[in-house]
Visitor: 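Please read through the structure below; I'll follow up with questions.
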Amino acid sequence: MSAARQKKLVSLLTAKQEEQDITFLLAEAQKELGISLSSKQEEGVRKAFRHPVSIITGGPGTGKTTVQKVLLYVHEKLGGGSVLLTAPTGRASRRMAESTGWQDAMTMHSALGLTSDEDSEELEEMLEADFIIADEFTMSDMRLSYIFFAHIRAGSRLVLVGDVDQLPSVEPGNVFRELVQCGVILVTVLDTIFRQAEGSRIIANAKRMQENDAALDYGAGFSFIPAGSAAEAAEKAQELYRASVDAFGMDKVQVLTPYRKTGEASVNTLNERLWEMVNPKEEGKPEIYSGKRTFRLGDRIIHNKNKNQISNGDIGYIRDIYMDEDGTEVAELEFSEGRFVKYGSEELDMVEHAYATTVHKSQGSEYPMVILPWLPMFYKMLRRNIFYTAVTRAGVQVAIIGSKRAVCTAIHNTECDRRNTRLGERVIREYSQVLEEKGKQPENSGYRQEVINL
């Protein structure tokens, strides 16, 4: 973000907004929604209604969705105007809609009118929303974040939600983490685990990772399968995938791995093995070619761009392959919520097989079961945020295949990608300058104390 760009965020931070007493509504919301908020959750709601921009962060099971439901309830009771629920990807926005019950959640691209990654930033219309909640904001990169902030109207209320321990965006920037750490935005850290039913070992072990504790609790829902090599891990992952798909269905099982190209346990190699196993070549089964790739009827695929109302990372299936009226061979792809697109062979470069995918590509997703090869050969990727992100993609079961030493190495390695954007520093500098021009002192409310020690 250039100096001019971060000024837009600071202008949102310093916008004058009437503070409202929501004590009665907090009590009413809990009664009506049948919930009981922790002190931290209440704190997050209060901060959202006393400051134009606030942040809520927490791991799985800590009640981020519950806070969003209360925020929506209170805003509606206050007669606060139009609402926008948004997230960086289609999968994340659909999960947001399902969990909050607010069916109008949409991607940031859709909200901004960006139909593809190549669209211009120079959009004229502002976002028509008085209250905006942006979920899974860890996935928002510098460019998308700037466009988003630049199109929020002065006086709108903005709440950014995410898990700061997850991986940053695939594209440049570490926006969420830098905004959490900059110390000039009110941050609420949700650190109490509430969801202890399905996937409880996953949630408990995620908490252990955050606390640098490698003594994970293995058992039902969180299993470990030893493998001495990448070839052995790939073989065991294939066997487990077949058994799991037969038991639960393909939609509920996902293989994740940190490497795309290198070794037997990489995405490319595993995809080839799993593809040939679950959707083998058969006489009469249609195929279509795109460069060096072959796709078959019934293939599970993942979209790798934001285009045609399909988001980067959306998973779907090839439902038909046929010759179009003009003699062009096309594939008909189906994604969730009945979204269909037709692609010729050249356009199929926007998709790839999705039996296995990278941990980075899985951000914002949740699968009932995750199979995770984790080996010493992944040494460049043995980092806590990568391992944590992979494990927390699983909602019910995770199976780690490989080396416990590699698991320990990752948990104790807190090094993150060096992304020299210095966004946080520039926001602090601009914020201080604006306050100085207004003759004000920074609010002595413990901004810095609200920031977790990352």
Visitor: Is a salt bridge present between Arg296 and Glu276, judged by a nitrogen-to-oxygen distance below 4.0 Å?
Guide: yes

Visitor: Under a 3.5 Å threshold, yes or no: a donor from one side chain and an acceptor from the other, between Ser290 and Ser345?
Guide: no

Visitor: Could you tell me which residues satisfy side-chain contact (heavy atoms from CB on, under 4.5 Å) with Ala331, sequence neighbours excluded, listed by chain and number?
Guide: Ile288, Ile318, Ile321, Leu333, Leu348

Visitor: Would you find a donor on one side and an acceptor on the other, under 3.5 Å apart, between the side chain of Ser244 and the backbone of Leu240?
Guide: yes

Visitor: We want to know whether Asp299 and His353 form a side-chain donor-acceptor pair, criterion being a heavy-atom distance below 3.5 angstrom.
Guide: yes

Visitor: So, applying side-chain hydrogen bond (donor to acceptor under 3.5 Å, both in side chains) with Gln210, which one of Asp165, Asp191, Asn205 is it?
Guide: Asp165

Visitor: For a side-chain hydrogen bond (donor to acceptor under 3.5 Å, both in side chains) with Asp130, tell me which candidate from Arg153, His75, Arg157 qualifies.
Guide: Arg153

Visitor: Enumerate the residue pairs fulfilling side-chain hydrogen bond (donor to acceptor under 3.5 Å, both in side chains) with a member in residues 98-107, sequence neighbours excluded, ordered by first and then second residue.
Guide: Thr107-Ser110

Visitor: Pairing donors with acceptors under 3.5 angstrom, does anything connect the side chains of Ser266 and Asn268?
Guide: no

Visitor: Could you tell me which residues satisfy ring-ring contact (aromatic ring centres under 6.0 Å, His included) with Phe378, sequence neighbours excluded, listed by chain and number?
Guide: Tyr259

Visitor: Run the numbers on Leu85 and Asp135 for side-chain contact (heavy atoms from CB on, under 4.5 Å), then give the verdict.
Guide: CA-CA 8 Å; Leu85 300 192; Asp135 200 6; over 6 Å; no

Visitor: With Ser362 as reference, evaluate Thr392, Leu256, Leu167 under the side chain to side chain contact (heavy atoms under 4.5 Å, CB included) test and give the passing residue.
Guide: Leu256

Visitor: Quickly, which of Arg94, Arg300, Lys361 forms a salt bridge (charged side-chain N to carboxylate O under 4.0 Å, His left out) with Asp314? Name it, please.
Guide: Arg94

Visitor: Before you tell me yes or no, could you show the steps for Glu334 and Arg319 under salt bridge (Lys or Arg N to Asp or Glu O under 4.0 Å), namely the whole-Å CA-CA distance, both residues' side-chain angles and the distance that decides it to 0.1 Å?
Guide: CA-CA 6 Å; Glu334 181 185 11; Arg319 296 305 190 194; 2.7 Å; yes

Visitor: If you draw a 6.0 Å radius around NZ in Lys342, do more than 12 non-hydrogen atoms from other residues or ligands fall strictly inside?
Guide: no

Visitor: Would you call the rings of Tyr355 and Tyr241 parallel, tilted or perpendicular if under 30° counts as parallel and over 60° as perpendicular?
Guide: perpendicular

